[in-house]
Amino acid sequence: MLFRSLESLLLLNEDLKGHSDRTEIPDKLIQLYPNNPKGRKHQFEEFVESGEFGRAVETCESILKNDPENEYALRQRPIIFTRMSRFEEAAYFWSEWLDFGKASIQDKFRAARAHYNSKHYSECISISMEILNQYPDQEKIIDLIIRSNYSLMNWRICNDWCEKILVLNSRN
């Protein structure tokens with residue numbers, strides 16, 4: 001009963017953005033029921049909103065310790081590492097999220113970018129090729145393919161893709 005009441009207060013609390021005691025209810029909820037998903041999610045969002053990315057990652061890890069297939073935590077972890085510009089870890093966790101099989105096209109693009117930023121050019125190309133015909137902005141995907149091939153010194157392939165991107169946008 002107390003748990004449901006605190007959850008209801010948590011939902012009301014979300015409507016009171018800017019209220020000075022916003023974290024009091026989720027903190028009490030987590031103290032009483034450490035593994036409850038609503039309290040953890042709210043806590044995570046508070047950490048992200050306040051720029052406490054390290055604590056957000058810790059929250060994801062805590063959630064995954066108790067629920068290794070928690071989709072929310074599996075997806076948020078690479079997002080946070082990307083925001084922290086820790087691309088090696090972001091690429092690793094994006095790959096884990098892709099392997100889980102629930103990634104959207106946007107998530108796959110983010111994964112390709114993280115791999116590019118980590119200098120994992122072959123992985124970037126592989127993901128980019130997979131989503132090329134599905135992603136709404138093909139120019140962005142082709143740009144990643146070109147940059148990755150350039151970094152791998154695949155000049156001929158790079159040139160072929162440059163010709164394709166010029167068909168899409170002659171000013172590129």
Side-chain angles (χ1 to χ4, degrees), residues 3-4 6-7 10-11 13-14 17 23 25-27 29-152 154 157 161:
F3 178 70
R4 293 285 177 222
L6 285 170
E7 278 188 333
L10 179 61
L11 293 174
N13 192 43
E14 288 176 5
K17 299 281 187 194
T23 59
I25 295 168
D27 289 346
L29 185 60
I30 290 169
Q31 283 176 346
L32 292 170
Y33 303 97
N35 296 327
N36 78 81
K38 289 182 181 175
R40 286 284 183 203
K41 181 179 176 184
H42 184 77
Q43 185 182 48
F44 172 83
E45 290 169 353
E46 288 290 324
F47 291 147
V48 170
E49 196 173 294
S50 65
E52 297 179 67
F53 300 127
R55 292 184 73 189
V57 170
E58 288 172 10
T59 302
C60 284
E61 297 295 339
S62 175
I63 291 169
L64 291 168
K65 181 180 176 186
N66 295 311
D67 180 9
E69 294 188 357
N70 184 290
E71 292 177 24
Y72 182 79
L74 285 170
R75 182 174 183 272
Q76 293 304 315
R77 188 169 47 182
I79 290 172
I80 294 304
F81 279 111
T82 301
R83 290 186 69 183
M84 294 168 63
S85 298
R86 290 172 53 180
F87 298 115
E88 282 289 327
E89 289 137 314
Y92 175 82
F93 290 121
W94 275 121
S95 291
E96 188 176 271
W97 176 238
L98 295 181
D99 290 344
F100 193 70
K102 303 281 184 155
S104 67
I105 296 299
Q106 285 289 9
D107 288 345
K108 290 178 181 180
F109 176 73
R110 290 180 184 119
R113 291 284 311 182
H115 281 288
Y116 176 80
N117 288 333
S118 298
K119 300 181 181 171
H120 305 162
Y121 304 119
S122 295
E123 187 68 23
C124 177
I125 292 168
S126 176
I127 296 168
S128 298
M129 293 298 292
E130 178 186 329
I131 65 172
L132 177 63
N133 294 321
Q134 302 164 359
Y135 194 75
D137 188 351
Q138 279 194 337
E139 190 174 349
K140 284 184 178 180
I141 299 298
I142 294 173
D143 184 64
L144 271 178
I145 294 169
I146 291 169
R147 290 171 182 259
S148 295
N149 278 295
Y150 180 86
S151 297
L152 292 171
N154 294 332
I157 295 170
W161 281 105

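Every value quoted in this text rests on a predicted model; they were computed, and no experiment measured them.
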*Would you mind listing every salt bridge (Lys or Arg N to Asp or Glu O under 4.0 Å) that reaches into residues 57-68, with sequence neighbours excluded?*
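Listed once each, the pairs are Glu61-Arg77.
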
*With sequence neighbours excluded, residues passing side-chain hydrogen bond (donor to acceptor under 3.5 Å, both in side chains) with Arg55*: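 Arg55: side-chain hydrogen bond (donor to acceptor under 3.5 Å, both in side chains) contacts with Glu52.
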
_Checking Phe47 now: which residues fulfil ring-ring contact (aromatic ring centres under 6.0 Å, His included) with it, not counting sequence neighbours?_
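By the ring-ring contact (aromatic ring centres under 6.0 Å, His included) rule, Phe47 matches no residue at all.
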
*Listed by chain and number, what are the ring-ring contact (aromatic ring centres under 6.0 Å, His included) partners of Phe109, not counting sequence neighbours?*
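ring-ring contact (aromatic ring centres under 6.0 Å, His included) check on Phe109 returns Tyr135.
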
Side chain to side chain contact (heavy atoms under 4.5 Å, CB included) with [X]: which residues, sequence neighbours excluded?
X: Ser122; value: Leu152
X: Tyr72; value: Lys41, Phe44, Glu45, Asn70, Gln76
X: Ser118; value: Phe87, Glu88, Ala91, His120

Go through the structure and list residues passing salt bridge (charged side-chain N to carboxylate O under 4.0 Å, His left out) with [X], not counting sequence neighbours.
X: Glu89; result: Arg86
X: Glu139; result: none
X: Glu71; result: Lys102
X: Asp107; result: Arg75, Arg110

To the nearest 0.5 Å, what is the distance between [atom1] ([X]) and [atom2] ([Y])?
X: Ser151; Y: Ile146; atom1: OG; atom2: CD1; answer: 12.0 Å
X: Phe93; Y: Ile79; atom1: CZ; atom2: CD1; answer: 13.5 Å
X: Thr59; Y: Leu64; atom1: OG1; atom2: CG; answer: 11.0 Å
X: Cys60; Y: Phe53; atom1: SG; atom2: CZ; answer: 12.0 Å
X: Ile141; Y: Trp161; atom1: CD1; atom2: CH2; answer: 10.0 Å

*Would you name the heavy atoms of Trp94 and Ala111 that are closest together and state the gap between them?*
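Closest approach of Trp94 to Ala111: CB-CB, 3.6 Å.
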
*Shortest non-hydrogen separation from Leu74 to Pro68 and the atoms involved*: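 Reported closest heavy-atom pair: CD1-O, 3.9 Å.
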
Distance-only donor-acceptor hits, side chain of residues 125-134, under 3.5 Å, sequence neighbours excluded:
| residue | atom | partner | partner atom | Å |
| --- | --- | --- | --- | --- |
| Ser128 | OG | Cys124 | O | 2.8 |
| Glu130 | OE2 | Lys108 | NZ | 3.0 |
| Asn133 | OD1 | Gln138 | NE2 | 3.4 |

*Tell me, do Thr82 and Arg113 make a side-chain contact under 4.5 Å, heavy atoms counted?*
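No, their side chains stay 4.5 Å or more apart.
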
*May I ask you to test the Ser95-His115 pair for a side-chain heavy-atom distance under 4.5 Å?*
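In contact.
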
